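Below: the structure, in structure tokens.
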Amino acid sequence: MSLSIEQKLNQKLEKIFQELELDAKFAFVKPSDRPDLSDFQCNGALALAKTLHKNPREIAGSIAERLKADNDIAAVSVDGPGFININLHNGFIGALADSMAQDERFGCEKSANPSKIVMDFGGPNVAKALHVGHLRSAVVGESIRRIEQFIGNEVVSDVHFGDWGTPMGLIIAEIIRHDGNLDKVETYDVAAISAFYKQANIRCKEDETAKETARQITADLQSGNPEYRKAWKYLRDVSVADVKKIYAELDAHFDLWLGESDAHEACGEVIKLAQEKGLSEVDDGATIIRLPETNKPMPPVILVKSDGGVGYQVTDIATIKMRVEDLHADEIIYVVDKRQTLHFEQVFQVAQMLGIAENIKLTHIGFGTVNGADGKPFKTRDGGVMNLEDLIELSKEKVRQSMPQPGEVEGYGADEIEKLVSQIALGAIKFQDLKNNIGSGYVFELEDFAKFDGKTGPYIQYAIARINSILRKAKAQNLTEGDIVIENDDERSLALKLLQFGNIIFRAHEEKEPSVITDYAYTLAQNFSNFYNTCPIMTAQTAEIAASRLKLARLVRDMLKQLLYLLGIEAPEAMLKA
Ligand code: ARG
């Protein structure tokens, strides 16, 4: 498998550094800060000068001398205090782009020592419809899942259903209050169950006894009351079936549909372990673990509540134990609202104290909220929480308005148009979400979010569709691909952009930041657009140039599709506009 362009240059530099007996740790390039002057730069001489107490320009000069002798390199200069600026030969760039075009991974090597990663995202709750707050967990989580898988890691995704806490007791209590018993539970659909849950919440705000009843039912459910368990199982199944539909629409994939309840047994083990290690104490009837104060107050973790029930914290700790023991995870990544940062800090710390996560990497990727124009979490017009399903429908409606009517375009009946509407709307929603840094919130925008000419998902989808059409025309004219030859600046900068692929993927993986990919996909599409404006394919001067440009275009198309895939976005073969 071929190496990325940076890796190739780094290898050349490493050899030179060794020959000059310089520390090879500094033998690496980065894309030039001044692309108008050079392709890559190496700033190693500056770092070396400090430790060697030598003039950086002198060190840079000796490295540059040797680089000049390399046939792949067109020009080298030492600038400023000791930057080495490197320009590559077009032949070298063309050959690398060519080998990239032959490889379905675009020259990106799989990790040599893959790890097993459990990804925890989604996080839906029984009896609660998914709302806008669940969007980012699904979208960001799925993208990171795909990136990690592409890198070569073994990923197991788990939805971690919220099915074991007080909400269960609230719903069961409310149904009993309504019907006198639980006989009719299995006649209720998800809407009815949600309504019970809402009603129970309102009631318990004012009524302490109702709250106490719900709490007791939760504790009894957890300790095995058969009647409650039976009702609970039904409520859970209905909720799972309901959220599965939306996750399928969002194309978020979960290997496991486990929930907090599945950790119940392991909760007992965790509680016992904490006692054995002398870490827990009884405080006001509850069993807790106190955490050492750091630079901020660390509230204790509650293992068993005073009513005997287990809560959110201990189920998460127990789930870590299961993921390590049963799934053999090397790393667990949680994509959860950043307002739960303290929760994960506590949970991770207890896991370490108990020794159940030794050498296991635990990462919480906390995302910011999806906001409305007022900068506050997105709401419906009447101020309620926006359902995810409604949000998707609203977005589809917006896209539908810019589509031709069914039958207006040949081959596009109602079904085809609707499929396209869904691909574009979801592409727009996901891209808008992923182009923002995970940690910051963003304003959900419906006006321009699906425009074909901004930093949007549909812009990339459109770029792909446009190349598809070029490829179809070329095929009709029997034009076939040939070796990539770089003849002018637009071809050159497009090829250099393509050659960044491996580094971009690596960065997105290292930083767990899909926005690295959205930025790259956007600039690559723009680069292609510039290229295509000045570099015609079908009317190129020679057959060789046409064949080379055709291959470049196809490579851009394949890569853009791959990038969208990593963002969880589909690429329609063609796009339509009203
Ligand atoms: N169900 C939780 C909530 O709605 C999110 C679960 C996140 N994952 C976890 N392992 N705690 O807040």
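Counting starts at 1 for both ligands and their atoms, in listed order. Just so it is clear, the model here is predicted, and its values are computed rather than measured.
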Practice task
Could you find the nearest protein heavy atom to atom 1 (N) of ligand 1 and give me its residue, atom name and distance?
Solution key: N125 OD1, 2.8 Å

Practice task
Using a strict cut-off of 4.0 Å, indicate which atoms of ligand 1 neighbour a heavy atom of F344.
Solution key: 9 (C), 11 (N)

Problem - Residues forming a side chain to side chain contact (heavy atoms under 4.5 Å, CB included) with K419, sequence neighbours excluded - result: Q423

Handout entry: Atom CD of E154: over 12 foreign heavy atoms under 6.0 Å
Key = no

Fill in the blank from the handout: Contact region, F121 to ligand 1, non-hydrogen atoms below 4.0 Å, reads neither

Practice task
Could you check whether the rings of F344 and F348 sit parallel, tilted or perpendicular, using 30° and 60° as the cut-offs?
Solution key: tilted

Exercise for the section: Compute both the distance and the angle, then confirm whether R236 meets the cation-pi test with F161: under 6.0 Å from the six-membered ring centre, within 45 degrees of the axis. Expected result: yes

Exercise for the section: Give yes or no for whether the N/O distance cutoff of 3.5 Å, strictly under, is met between D316 and ligand 1. Expected result: yes

Exercise for the section: Look at the aromatic rings of F196 and H178 and report parallel, tilted or perpendicular, splitting at 30° and 60°. Expected result: perpendicular

Handout entry: Close N or O approach (E260, ligand 1; < 3.5 Å)
Key = no

Practice task
Have a look at ligand 1 and work out which part of F161, if any, has a heavy atom under 4.0 Å from it: side chain, backbone, both or neither.
Solution key: neither

Handout entry: Where ligand 1 meets H160 - atom numbers and elements under 4.0 angstrom, heavy-atom basis
Key = 8 (N), 9 (C), 10 (N)

Problem - N436, N437, D433 screened by side-chain hydrogen bond (donor to acceptor under 3.5 Å, both in side chains) with Y442, the one that passes - result: D433

Problem - Atom indices of ligand 1, in the order listed, that fall short of 4.0 Å to a heavy atom of D120 - result: 8 (N), 9 (C), 10 (N)

Exercise for the section: Please confirm whether H343 comes within less than 3.5 Å of ligand 1 when only nitrogen or oxygen atoms on both sides are compared. Expected result: no

Practice task
Return the orientation label for the Y247 and F254 ring planes: parallel under 30°, perpendicular over 60°, tilted otherwise.
Solution key: perpendicular

Handout entry: Residues D307, K305: salt bridge by 4.0 Å N-O rule
Key = no

Practice task
Among all protein heavy atoms, pick the one closest to atom 5 (C) of ligand 1 and tell me residue, atom and distance.
Solution key: Y312 OH, 3.5 Å

Exercise for the section: Any atoms of ligand 1 less than 4.0 Å from a non-hydrogen atom of V336? List them with their elements. Expected result: 7 (C), 8 (N)

Exercise for the section: Would you check the N or O atoms of Y334, main chain and side chain alike, for any that come under 3.5 Å of an N or O of ligand 1? Expected result: no

Exercise for the section: Using the six-membered ring wherever Trp is involved, compare the ring planes of F501 and Y520 and label them parallel, tilted or perpendicular (cut-offs 30° and 60°). Expected result: tilted

Practice task
Could you check atom 12 (O) of ligand 1 against the protein and tell me its nearest heavy-atom contact, residue, atom and distance included?
Solution key: Q340 NE2, 2.8 Å

